[in-house]
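Beneath this line is the structure, given in structure tokens, with notes to follow.
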Amino acid sequence: MTQSSGSAPSVGRMRWWHIPAIAALERELFPGDSPWTEGMFWSELAAGHHYVVACDAGGVILGYAGLATGPDDADVQTIGVAPAAQGRGIGRALLRDLLAAAGPRTVHLEVRTDNAPAIALYESEGFTRIGMRRRYYRPSGADAYTMMRPPA
């Protein structure tokens, strides 16, 4: 983990020992939309995808994010920030880490259409809405925007 100046959280590579806490946070954040399981996070790490965590000075996980990359494009798989830590720039720090890892690739993501703070964050980082996926999230049936950021 790299420590930022002041009391800012550190962002570093997700490790296997983070997975139980991340899965618990995932269940808290996305209870109506099939939250990811520990096994799903294990699979992402085993596949070599870029996953990171944001931790406070005591090592408490405040957020997490993941990116899958291909030769020409990348997909943001997930970003989550603990409710008590939202609005403090943690989501932006995680997203910027993913974008740096994506390098010159086109980056895609899906976001709930009712998640105005996340949409505003993504738009402020160069993403545009390119489509909508009806009933994308299960089992809630919530719609998602598909967003894209052109190559950097």
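For the numbers below, each heavy atom of this structure counts, side chains included, while hydrogens, waters and symmetry mates do not.
Y137 and L109 are assigned to two separate hydrophobic clusters, defined by single-linkage of ILVMFWY side chains at heavy-atom distances under 4.5 Å. There is no path of hydrophobic side-chain contacts, each under 4.5 Å, that joins M148 to Y136. One hydrophobic cluster, built from ILVMFWY side chains closer than 4.5 Å, holds both I90 and L121.
The side chain to side chain contact (heavy atoms under 4.5 Å, CB included) test applied to S43 returns no partner, not counting sequence neighbours. In this structure A101 satisfies the side chain to side chain contact (heavy atoms under 4.5 Å, CB included) test together with H50, L67, sequence neighbours excluded. Every residue two or more places apart in sequence or in another chain that forms a side chain to side chain contact (heavy atoms under 4.5 Å, CB included) with L45 is listed here: M14, I19, Y51. When the side chain to side chain donor-acceptor pair (under 3.5 Å) test is applied to R92, the partners found at least two apart in sequence or on another chain are S124, E125.
Residues R96 and V11 have side chains not in contact (no heavy-atom distance under 4.5 Å, counting atoms from C-beta outward). Counting heavy atoms from C-beta outward, D56 and P9 have side chains that stay 4.5 Å or more apart.
Shortest non-hydrogen contact noted between P83 and L29 is CD-CD2, 3.8 Å. Scanning all heavy atoms of the two residues, the minimum distance from P151 to P104 falls at CB-O, 2.9 Å. When all heavy atoms are compared, the tightest approach of V107 to F127 is O-CE2, 3.6 Å. The shortest non-hydrogen separation linking L94 to A65 is CB-CB, 3.9 Å.
In this structure a side-chain-to-backbone donor-acceptor pair under 3.5 Å is missing from D73 to R105. For the pair E26 (side chain) and W36 (backbone), a donor-acceptor distance under 3.5 Å is present. Proximity of a side-chain donor or acceptor of R133 to a complementary backbone N or O of T146 within less than 3.5 Å is not detected.
One finds the CD atom of E123 at 15.0 Å from the CZ atom of R149 (value rounded to the nearest 0.5 Å). Interatomic distance, OG1 of T78 versus CG of L98, reported as 9.5 Å (0.5 Å rounding). Here the CG-CD distance, from D143 to E110, works out to 12.5 Å after rounding to the nearest 0.5 Å. Here the straight-line distance linking atom CG of L25 with atom NE2 of H18 works out to 12.5 Å at 0.5 Å rounding.
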Residues 112-120, side-chain donor-acceptor partners within the protein, below 3.5 Å, at least two apart:
from: R112; atom 1: NE; to: D114; atom 2: OD1; distance (Å): 2.9
from: R112; atom 1: NH1; to: D33; atom 2: OD2; distance (Å): 2.4
from: R112; atom 1: NH2; to: D114; atom 2: OD2; distance (Å): 3.0
from: N115; atom 1: OD1; to: A118; atom 2: N; distance (Å): 3.2

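Counting only residues at least two apart or in different chains, ring-ring contact (aromatic ring centres under 6.0 Å, His included) contacts with residues 58-104 comprise F41-Y64.
No more than 12 heavy-atom neighbours from other residues, nucleotides or ligands sit within 6.0 angstrom of CZ on R134.
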* Given the rule in the side-chain contact (heavy atoms from CB on, under 4.5 Å) test, do D72 and T106 qualify, once you have shown the distances and angles that lead to the verdict? -> CA-CA 7 Å; D72 300 317; T106 299; over 6 Å; no
* To do: Take I130 and H108, measure what side-chain contact (heavy atoms from CB on, under 4.5 Å) needs, and give me the verdict at the end.
  => CA-CA 10 Å; I130 60 169; H108 295 93; 4.1 Å; yes
* Asked: Can you list the steps and then say if Q77 with H49 is a side-chain contact (heavy atoms from CB on, under 4.5 Å)?
  -> CA-CA 10 Å; Q77 301 294 299; H49 295 305; 5.9 Å; no
